[in-house]
Amino acid sequence: MMIKAMEVVKVIRVKVLEKGIESATSTTFTSVFKYNNVNIHQRTLQLQMGDIVLSIVAKLAEYTVGPILHHARYLCCFNNIAGNLPNAKEELELTRNSVKERVEEAIMRTEKIEPAVEKWLKDVEKVLEEEHMLQERISEVSKSYFRRQFQYFLTKKIARKIEKMAQLNHNSKFEPFSKIAELPGMKYYSSKDFVLFKSRESAYKKLLEALKDKSVSMIGLVGLGGSGKTTLAKEVGKKAEELKLFEKVVMTTVSQTPNIRSIQVQIADKLGLKFVEESEEGRAQRLSERLRTGTTLLILDDLWEKLEFEAIGIPSNENNKGCGVILTTRSREVCISLQCQTIIELNLLAGDEAWDLFKLNANITDDSPYASKGVAPKIVDECRGLPIAIVTVGSTLKGKTVKEWELALSRLKDSEPLDIPKGLRSPYACLGLSYDNLTNELAKSLFLLCSIFPEDHEIDLEDLFRFGKGMGLPGTSGTMEKARREMQIAVSILIDCYLLLEASKKERVKMHDMVRDVALWIASKTGQAILASTGMDPRMLIEDESIKDKRAISLWDLKNGQLLDNDQLNCPSLEILLFHSPKVAFVVSNACFERLKMIKILAFLTSSYTWWPWGTDGILSLPQSMESLQNLHTLCLRGYKLGDISILESLQALEVLDLRCSSFIELPNGIASLKKLKLLDLFHCSIQENNAYEVIGRCMQLNELYLYIPSYANEEFPHNISFSRLERYVLIFKMDPSYWRSWSWMEILEEHRPCRALCIDGFNASVQSFISLPIKDFFQKAEYLQLENLEGGYEKVIPSMVPQGMNHLTFLILEDCPEIKCVFDSTNVDLLQTEDAFSSLVILCLSELDNLEEVFNDPSSRCSLKSLEELTIKRCRQLYNISFPKNSKLCHLKFLRIEHCPMLTCIFKPSIAQTLELLEEVEISGCSELKQIIEEVEEGSVDYVSSQSHTSLMLPKLRTLIIRRCQGLEYIFPMCYAHGLASLEELNIRFCDKLKYVFGSEKEHDLRVYQHQSHRQTNIHINFLNLETLVLDELPNLVEIWPKYFDPHLPNLKELRCYDCPRMPDSCVRRLMIIDSDLQQDSTATEKELLCLVTTTFNQLPDQVLSSKLGHVLKFRELGLSGLGVNGLFQFQIREHGSNRELAPLNLDLIDAYLSDLPELEFIWKGPKNFLSLQMLDVILVDGCPKLKTIFSPTIVRSLPMLTELRITNCEELEQIFDSGDAQSLYTCSQQVCFPNLMTIYVRKCNKLKYLFHNFVAGHFHNLIELEIEGCSQLQKVFAFECETDDDGQEGIVEDGEKVLLHNLLSITLRSLPNFKEIHHGFKLKDDVKEHFINDCPKYSPSLYLHTEE
């Protein structure tokens, strides 16, 4: 027994060591009971051992008895412990319900529950679920055979669960329980109505790019009211939040009258910031501190004026992007005043986009009755791409009848506002806010005035000024120049607010049609009603009762010129009356104007304001009733045969008299007595009597005079006339309008609108007398001066003519002035009265100055060309040097054209060339003695420019360089300039007999000199990233384009033409085709015989990337080669490494291919089958390629949809135009029309060619018009098949029988074809072939192949 007890102790000890006391006693308890079914305590008391044994047992009891008793209660106290479980559950449920009530209350307060609370609730639910499972097990344990054992384990779990519940109850006191939830930020705004149209995508991307740019902190989004700025800003804000570009994105509305406190609260609320300060300044400081913490994007919507950021608390000019700002506004001026680094303009919707948006809001489809009847598209057109108008009108008409839609269209056409339902924002009200916000009264008046012009009309600012001046608008009093300045400011305000739009020309503006409708609406509301109509019959005015209240009537594009017969026009309040018709004459009754006492502007127009002359076919007789118009300020009678205009003498209030392009008998003498007359326009007028100059000379009151009378071609303008008050003038004397040169000055006047212009042909006054003539003032003050056939001994324009230096001059044109030897000469300083001559000159044109030797001779540095943009010199046969002033900086010169100056030897010195920062185009032709474009000077000279210096500044903007017929030129530019030609797009050099190099002098092409100077052995890379066109033609001595040690990179070359350059080695052309990309370039010896060789594998690039890379490299649109020794042109080697994948065809951009005199050429393209697709090829010409056996190899897809012309001549070894391939190719190609646009086929002297097209059917050539074949000795057929009829005439696979082919063929020429039999087997030609020339074709019988239609 002693031994057995010891064994039990050992077992327990082992379990204690292995699992701990609790686990050991648990697992051993059963064993103890099994031991002879005797209680361990009883057996221990019975042990009679020695002291040693007793001490061991005592120690054992200390470690095991307590825990064993603890576990024993799980057997003895099952019912008691299980009975406590429901009580614990009930108590926990009560606590949970209380916590849940607190959670619901917090959620109702939009508070966010603390994570600890949420975890506690999850733990409670889990415990209660486990309690429910325990209850089920309690009810089942009594039924078990091993009940006592199960009770032990179950009791243990119950006790622990009760303890867990008590612990959860104890831990139910939370502090804090919840906190205020953050606002949803940009997620709050819905995107359901947002559509990212293509026209919006650009602005969307620009906004995101600006937000990612750390140097940009202030971004302006500007556009017309209702154009979608707010919607776009919201979407950009949401995207910025999604991309985590900022920690916080906050949007707030500013509106017309900013409330600082309200803006502060809006921003603070969305940032979760609580203000404790009461003052606005204190809040501003608190908000500023918050915005400087972390990163925040503020979207300030609807700004109308400059916002004081400091007063609100928005940090300004924070380039560290702590706080970024996007502002939306209708005014560009707001963006400028707030120093926006990026200003993005939101344009209106395009046609298809507007239609899609309208369908979305009107809930219609393309098949709806509204669309099918054309009503809906017309309504969309009236909205003119303005989103708010499209959305509002579409939503208004949703669910309405067709009649209601038609009524809406009618109202929109008549510029009447629709009845907008509540809840929708009216586009009229939206746009009207922009008008209401204008503080400039003149801008408001001009806005309404612009509505008298028709829809989509480009309003010339000169028309606007003349009408505005006539109306006496605010700010237009005083001199004309002052009025113009005020009006320019007002127009700029309207453009900045998008109430006016810039037009195609800078001197014109446009008005959006919806904006124009709003202007008419505002005018009617404010008692300034306007009738503006197009195509209306003026007689209808009598039937319109509403016209008596009109302030303005403007009728455009009239088809009837009958004005009211003898009825009087009853418009007592009318101030503007305008009639326009380019075609009809007007018949004005005598009583027409008698009741128009208030009229200020009267206009009869055949055209808007322009400097281009037009005819005077229409007749307009001025009625006697015009003398009653005593308030008339502006009278415009343009383009009419007026006859007698003496009635104009009675118009004493007249300020603007515009008779442009009209004809009349004489200019009334009384015009000089119109004291208020400030502007007289007689441009391109035809006057019968020759008194006009004399009358004009007495009009001393004029501020502006526009004078050109072609009928006075032989009349000399008086030299002694002086106009002390004249501020603007365009005076043109003795210039023949039919002469082609006249178009040059008309074009300049139209485009540039100089304030003061003087053009004289045949001015003759001696140098001595000129200085005392009053007319000299016109010369000295002119902005535009054009002199032809100048006489009087003027060898030098300055100082001979104008010693003051012509500092106002912006355009100077001198033509056919044989006496001029120099334009500017400062040799005699005493004669000059300026330190800065030509300082404003923009365009200088010198033509046919037969004795011009130098343009500038300026040893004293008195000439400045700092503003010069364009220089043209033509046919100046004695010019040997331009001699730009040595200190001048041509930093604005953009265009240089020099033609037929045979004595010119050099153009620029290096020091001058360095200043050509903006030069874009250079065209030099017919300068036979030109040696250098940029003078080559010795090292050490003040003009010397090292090839290692200033390379980044050399001609960085040059786009076009054209050199023709400069026989003395040996090279174009030194190498130091080649580095800077990053913008060069076109390089065109032709007929330069001595040219050896394009880039680099003889010295720079010497490799030894290069290695000695640079101590380098590696090549220099040179990038022409934008070069698209390279033409080298008729250059008999060209040997290199650039030195051998330069590696050119031309990734975007699209047009390559190299003709008749016999000394240029093939390697030079091949260097143009070097492919610098991820593709590997084969460097084997074979490359030396090819123009371009590309080798790659499937492992290097996936198929689609391969195509894009090759497409990037091979962008040729035009390829022209002649006189090269290349073996092949393009070879593509695709190493597939066992892969069976097929490559998608690579689409090349080639349009024209001209290949001639290539004696070694054996193939044009080589590569995998169907690898290249020439979808854009239009013309291909191959001539003089005696070794070429096929034109289109199997590499080319057998479909050329754009090919129109195919010409092949002198190719002795040519066997096939298209490689015949296998039989399957026939069936594949026959499924489509391979040559739908081919019109001309010409083949000559290809003696090994048996068939033109093998395995093609004639149906592929249904647009063929002309077929010409000559001198092909083996040619048998035009079209042939693999399996055709046998010699006995039996048909093979061709089943079309007697089908007519080539329906559009009009011309057939067949010459010297000894073996030619037929065009196509089994088909016949139409009988309407107009030209059918057959010569020396013994085997061809055309009568057998002509089809006669019944």
Side-chain angles (χ1 to χ4, degrees), residues 452 463 466-467 469-472 538-539 541-542 547-548 550-555 558 560-581 584-606 616 618-682 685 687-689 692 695 699 701:
I452 72 171
D463 275 337
R466 296 183 182 189
F467 295 159
K469 180 64 177 172
M471 285 295 292
R539 292 174 295 182
L541 294 175
I542 292 297
I547 68 162
K548 64 182 180 180
K550 302 297 183 186
R551 293 283 295 276
I553 296 176
S554 63
L555 305 182
L558 298 178
N560 188 327
Q562 191 76 23
L563 294 187
L564 312 182
D565 297 326
N566 289 319
D567 294 304
Q568 294 177 327
L569 190 60
N570 185 16
C571 300
S573 302
L574 193 66
E575 295 182 344
I576 301 175
L577 181 60
L578 184 152
F579 298 105
H580 166 269
S581 177
V584 304
F586 286 101
V587 179
V588 184
S589 66
N590 187 49
C592 185
F593 300 128
E594 285 187 356
R595 293 189 183 180
L596 304 179
K597 304 295 184 182
M598 301 299 294
I599 196 166
K600 296 179 180 179
I601 299 173
L602 177 62
F604 288 85
L605 310 175
T606 57
T616 56
I619 298 174
L620 174 63
S621 298
L622 303 182
Q624 193 64 32
S625 59
M626 278 193 69
E627 64 183 4
S628 64
L629 306 180
Q630 291 304 306
N631 286 308
L632 189 64
H633 296 158
T634 295
L635 177 61
C636 294
L637 307 172
R638 288 188 199 151
Y640 291 99
K641 294 179 179 179
L642 300 174
D644 183 7
I645 61 171
S646 59
I647 191 69
L648 302 184
E649 295 176 331
S650 62
L651 304 177
Q652 294 299 316
L654 203 59
E655 296 182 36
V656 176
L657 178 56
D658 180 348
L659 303 176
R660 180 169 287 239
C661 288
S662 289
S663 64
F664 43 89
I665 297 173
E666 69 174 358
L667 188 65
N669 285 303
I671 294 293
S673 301
L674 300 178
K675 301 302 182 184
K676 293 185 179 181
L677 187 64
K678 295 181 179 180
L679 186 153
L680 178 60
D681 191 341
L682 299 176
C685 285
I687 306 175
Q688 293 182 22
E689 301 295 331
V695 175
C699 295
Q701 74 277 30

Non-hydrogen atoms of [X] and [Y] that approach each other most closely:
X    : Y    : answer
V588 : S621 : CB-O, 4.3 Å
L602 : L632 : N-CD1, 3.5 Å
H633 : A653 : CD2-O, 3.4 Å
C685 : C661 : SG-N, 4.1 Å
L659 : L682 : CD1-CD2, 3.9 Å

Atom [atom1] in [X], atom [atom2] in [Y]: separation rounded to 0.5 Å?
X    : Y    : atom1 : atom2 : value
M471 : I452 : CE    : CD1   : 8.5 Å
L596 : L577 : CG    : CG    : 6.5 Å
I645 : F664 : CD1   : CZ    : 4.5 Å
F467 : I576 : CZ    : CD1   : 8.0 Å
L558 : L605 : CG    : CG    : 10.5 Å
I647 : S625 : CD1   : OG    : 8.0 Å

- Message: Quick test of your reading: applying salt bridge (Lys or Arg N to Asp or Glu O under 4.0 Å), list the pairs with at least one residue in residues 643-664, sequence neighbours left out, ordered by first then second residue.
- Response: R466-D658, K469-E655, R638-D658, R660-D681
- Query: Which residue pairs satisfy the side chain to side chain donor-acceptor pair (under 3.5 Å) criterion with at least one member in residues 666-676, sequence neighbours excluded?
  - Reply: N669-R698
- Counting distance only, does the side-chain N/O of S662 pair as donor-acceptor with the main-chain N or O of L637 below 3.5 Å? yes
- Check side-chain hydrogen bond (donor to acceptor under 3.5 Å, both in side chains) between E627 and all other residues, then give those that pass, not counting sequence neighbours. Q624
- Message: Tell me whether the rings of F604 and F586 are parallel (<30°), tilted (30 to 60°) or perpendicular (>60°).
- Response: perpendicular
- Task: Kindly indicate whether the side chain of S573, heavy atoms from C-beta on, has any atom under 4.5 Å from the side chain of K550.
- Result: no
- Taking the side chain as C-beta and beyond, is there a heavy-atom pair between L651 and M626 under 4.5 Å? yes
- Item | side-chain contact (heavy atoms from CB on, under 4.5 Å) between L635 and L654, worked out | CA-CA 7 Å; L635 177 61; L654 203 59; 3.8 Å; yes
